[in-house]
Number of protein chains: 2
Amino acid sequence: MNYTKPYQPPTVTVDAVIFQLTNNVLEVLLVQRSKDPFSGAWALPGGYSAQGETTLEALAVKVSTKAGVDIHKDLKYIEQLYTFDSVARDPRGHAVSVTYMGCGLKIEPTKASETTQFFPVDSLPALAYDHKEIIRYAHERLSAKLTYTNAVYGLLPKQFTLTQLQTAYEAVFGRELDKRNFRKKFLTLDLIRETKEMFRVGAHRPAKLYEFNNQKLESLTRSFD
Amino acid sequence: MNYTKPYQPPTVTVDAVIFQLTNNVLEVLLVQRSKDPFSGAWALPGGYSAQGETTLEALAVKVSTKAGVDIHKDLKYIEQLYTFDSVARDPRGHAVSVTYMGCGLKIEPTKASETTQFFPVDSLPALAYDHKEIIRYAHERLSAKLTYTNAVYGLLPKQFTLTQLQTAYEAVFGRELDKRNFRKKFLTLDLIRETKEMFRVGAHRPAKLYEFNNQKLESLTRSFD
DNA sequence: GCAAAAGTGTTTGGGATACACCCATGC
DNA sequence: GCATGGGTGTATCCCAAACACTTTTGC
C-alpha cells in the first residue's frame with residue numbers, strides 16, 4: 001500500500017445509548033449541546049476516541065465527563081452496538097462513531113441538570129447528528145436481546161417482582177403481554193429464583209421478590225415473542 | 001473539548017469475512033501477506049479506511065485491489081459485523097478495524113493465486129492479527145442469521161434443490177438436520193417457490209429446483225434450531 | 001367492605017421431533 | 001437390476017395462546 005499523500009484517518013468518536021426504566025417507561029440518557037454544531041440540540045453522551053485507548057475506554061471517559069455517569073458502576077450491561085460512518089453525519093468533517101448500548105437502573109448523573117437528562121424513547125427532543133437513528137437502532141437491538149437472552153436483568157434491581165419483570169418487557173417491546181402466560185413461561189426458563197423477601201407497597205397484596213440466578217448474559221432455551 | 005495536544009485518531013481499517021460454500025464446505029476468503037507484520041501469514045482482505053469515504057466504500061476498494069473480488073457484484077449479502085479495537089491488535093500501532101461479513105457463490109477472485117484462496121472455516125492456516133477471532137465471530141453471526149432470517153439465499157445459486165438448501169444449513173451449523181422435518185418446515189415458511197426446472201445430475205432421480213421469493217433479508221416467522 | 005394489585009389453571013391448536021420406506025433415473 | 005440420491009407421512013409431545021376469577025392487603 002503506497003499512499004501518495006500521508007494517510008488521513010477519519011475522526012473516531014464514541015457514543016453511548018444508555019437506557020433505564022423509570023415508572024415503567026424506557027428512557028435514554030441525553031446531554032444538551034452548548035456549542036455548534038447543533039447548539040441547543042440534544043445528543044448522546046460521547047466524544048472523541050484517540051489513538052492508544054479502546055473505544056470502550058474512551059467511552060468511559062466521555063460519558064463520565066459529559067454526563068457524570070460511570071459506565072462500569074452505573075450500568076449493569078453494555079455492548080457494542082454498531083459503527084456509524086456516513087461521511088456527512090458530522091458537518092465538521094468525516095467522523096466514524098463506534099456506538100455502545102447499555103442498561104442501568106435509577107442512574108443519577110452526578111452532572112444531572114437541565115443539560116443532562118433521561119428522556120422517554122417515545123418522546124425524544126430534537127437530536128443532533130444521526131443520533132435519532134442510533135437510538136432507534138439501539139432500541140431495536142435491546143428489544144431483540146430481551147427476546148432471546150436474559151438481558152432484562154440490566155433494567156431491573158437485584159430483587160424484583162414478576163410484575164416489574166413483565167412491565168420491563170412491555171416497556172421495551174411497546175406492547176402488553178398476558179400475565180399468566182408470561183409468568184408460566186418465565187418461571188420455566190430457570191433464570192430466576194424466589195427470595196424470602198416480599199415487596200409491600202400500597203393497599204393490596206404484597207408480591208414475592210425474585211432474583212436472577214445469574215447476572216451474566218445468556219441465551220434463552222426458548223425465545224420470547 | 002480542549003486537547004492540549006492535537007487530537008490523534010487511531011488508524012481506521014476495514015476487513016471482510018467473505019464466506020462461500022464449496023462442495024458443502026463453508027469457506028472463507030484469505031490473502032497471504034507478503035510483508036511484515038505477519039509476513040507469510042494469511043489474513044482477511046482489507047486495509048486502511050481514509051477520511052471522506054465510508055468504511056464500506058473503503059472495503060470495496062481494498063477487497064478488489066487485494067483479492068480481485070467485487071463486493072457488490074460477487075456478494076449476494078453483506079453486513080457490518082463488529083468493530084475490533086484492542087490497542088495491541090496491530091503491532092505497528094493502534095488500528096481500529098470495522099469488519100464486514102458477506103456471502104457469495106463460486107467467487108473466482110481475478111487475483112486467484114497462491115496468495116488469494118478460500119479456506120474451509122474448519123481448517124484455517126495461521127492467521128495474522130486477531131483475524132482468527134474475527135472469523136469465529138463472523139461464523140457465529142452467520143449461523144445466527146440463518147436461524148432467524150432467510151440469509152441462506154446468500155450462499156445459494158438463484159435456483160437450488162432442497163438438498164442443496166439443507167446442506168447449506170448443515171455446513172454453517174456444523175451438524176446434520178432431519179430431511180423430512182427440514183423440508184416440511186422450510187416449505188411452510190413461504191420463502192421459496194417451486195420452479196418448472198429440474199436438476200438432473202448423476203444416476204438417480206432428478207430434483208425439483210426452487211427459488212427464493214425474495215432475495216432481500218427478512219426475518220422468519222419461526223426460527224430454526 | 002372496597003379498592004388495588006398479586007396470584008393462579010385449563011383448554012386448544014400448531015409446530016417440533018422422531019422415525020423408514022418408495023421413487024425416478026443412468027448405467 | 002442395482003446403485004444413487006430425491007421425495008414423502010404419521011404419531012407424540014411440548015409449548016404458545018386464549019381466557020377470568022380468587023387472594024391478600026391497607027384504608
Side-chain angles (χ1 to χ4, degrees), chain A residues 21 23-25 143-144 146-148 150 156-157 159-171 173 175-211 219-225, chain B residues 21 23-25 143 146-150 156-157 159-171 173 175-211 219-225:
Chain A
L21 230 39
N23 300 325
N24 303 331
V25 172
S143 186
L146 292 208
T147 68
Y148 67 90
N150 62 347
L156 293 171
Q159 300 197 334
F160 51 88
T161 66
L162 293 179
T163 301
Q164 280 177 280
L165 180 64
Q166 182 178 339
T167 54
Y169 270 91
E170 291 175 335
F173 287 171
R175 63 190 169 81
E176 299 195 338
L177 301 172
D178 179 86
K179 182 162 65 159
R180 280 171 295 183
N181 291 338
F182 178 83
R183 287 169 179 232
K184 202 185 322 165
K185 169 153 188 176
F186 211 94
L187 290 171
T188 61
L189 287 175
D190 263 343
L191 295 172
I192 58 175
R193 58 167 173 265
E194 246 181 84
T195 67
K196 287 170 184 157
E197 315 294 318
M198 299 291 276
F199 184 66
R200 293 168 188 280
V201 63
H204 54 81
R205 183 169 174 174
K208 287 184 193 161
L209 283 165
Y210 290 78
E211 48 188 43
S219 291
L220 305 188
T221 49
R222 291 149 31 224
S223 293
F224 267 91
D225 215 356
Chain B
L21 230 39
N23 301 325
N24 303 332
V25 171
S143 185
L146 292 208
T147 69
Y148 67 90
T149 72
N150 62 347
L156 294 171
Q159 299 197 333
F160 52 87
T161 68
L162 293 179
T163 300
Q164 281 177 278
L165 180 64
Q166 184 178 337
T167 54
Y169 270 91
E170 290 174 337
F173 287 170
R175 64 191 171 82
E176 299 195 339
L177 301 173
D178 178 85
K179 182 160 67 158
R180 280 171 295 186
N181 291 338
F182 178 83
R183 288 168 180 232
K184 203 185 323 164
K185 169 151 188 178
F186 212 94
L187 290 171
T188 61
L189 288 174
D190 263 346
L191 295 171
I192 58 175
R193 57 165 175 266
E194 245 180 85
T195 67
K196 287 168 186 158
E197 315 294 318
M198 301 291 277
F199 184 65
R200 293 166 189 281
V201 63
H204 54 83
R205 181 169 174 175
K208 286 183 194 162
L209 283 164
Y210 290 79
E211 46 187 47
S219 291
L220 305 188
T221 49
R222 289 147 36 222
S223 293
F224 268 92
D225 219 355

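Note on naming: letters A, B, ... go to the chains in the order of the sequence lines (proteins, then strands), and numbering restarts at 1 for each one. Bear in mind the structure is a predicted one, so any value in this text is a computation, not a measurement. Note that these values count all heavy atoms, side chains included, but never hydrogens, waters or copies made by symmetry.
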task: Using a heavy-atom cut-off of under 4.0 Å over every strand shown, decide if Thr161(A) touches base, sugar-phosphate, or nothing.
output: nothing

- line: Outermost contacting nts on DNA chain D, any atom under 4.0 Å from chain A heavy atoms, listed 5' then 3', are dC15(D) to dG26(D)

field: Minimum heavy-atom distance Leu165(A)-Phe182(A), with the two atoms named
entry: CG-CZ, 3.7 Å

task: Describe, in one word, how the ring planes of Tyr169(B) and Phe186(B) are oriented to each other, choosing from parallel (under 30°), tilted (30 to 60°) and perpendicular (over 60°).
output: perpendicular

query: What nucleotide, of dT17(C), dA16(C), dT8(C), holds the atom closest to the side chain of Asn181(B)?
result: dT17(C)

- request: Would you mind telling me which residue lines up with the more 5' stretch of DNA chain D, Ala203(A) or Lys208(B), judged by nearest nucleotide?
  value: Lys208(B)

statement: note: His204(B), atom NE2; dC27(C), atom C1'; distance rounded to Å ~ 13 Å

task: With the side chain of Arg222(B) defined as its heavy atoms from C-beta on, choose the nearest nucleotide among dG15(C), dA20(C), dA6(C).
output: dG15(C)

message: Does this structure show an ion pair linking Asp225(A) with Arg175(A), if we count only N-O contacts that are shorter than 4.0 Å?
response: yes

- prompt: Is the base of dT10(C) touched by the side chain of Lys184(A) through a donor-acceptor pair closer than 3.5 angstrom?
  reply: yes

- prompt: Is the backbone N or O of Arg183(B) less than 3.5 Å from a side-chain atom of Gln166(B), with the two atoms forming a donor-acceptor pair by type?
  reply: no

- request: Figure out the CG/C1' separation between Leu187(A) and dG9(C), and round it to whole Å.
  value: 14 Å

task: Drop me the distance from Thr161(A)'s OG1 to Lys208(A)'s NZ, to the nearest 0.5 angstrom.
output: 12.5 Å

- prompt: In whole angstroms, how far is the C1' atom of dA4(C) from the CZ atom of Phe199(A)?
  reply: 14 Å

message: Using heavy-atom distances to pick each residue's nearest nucleotide on DNA chain C, tell me which of Asp178(B) and Met198(A) is more 5'.
response: Met198(A)

message: Nearest heavy atom decides the nucleotide; on that basis, is Arg200(A) or Arg180(A) closer to the 5' end of DNA chain D?
response: Arg180(A)

query: Mind checking what makes side chain to side chain donor-acceptor pair (under 3.5 Å) contact with Thr167(B), not counting sequence neighbours?
result: Asn24(B)

field: Protein-nucleotide distance (Glu176(B), atom CD; dT17(C), atom P), rounded to Å
entry: 15 Å

message: To the nearest 0.5 Å, what is the distance between CD on Glu194(B) and CD1 on Ile192(B)?
response: 9.0 Å

query: Just how far, in rounded Å, is P of dA6(C) from CZ of Phe182(A)?
result: 13 Å

message: Within the 4.0 Å heavy-atom criterion, would you say Thr188(B) contacts the bases, only the backbone, or no part of the nucleic acid?
response: nothing

message: Nearest to the Arg205(B) side chain among dA20(C), dT8(C), dA24(C), which nucleotide is it?
response: dA24(C)

query: Rounding to a whole Å, what distance do you find between Phe186(B):CZ and dG15(C):C1'?
result: 16 Å

- prompt: With a non-hydrogen cut-off below 4.0 angstrom, is Lys179(B) in contact with a base, only sugar-phosphate, or nothing?
  reply: base

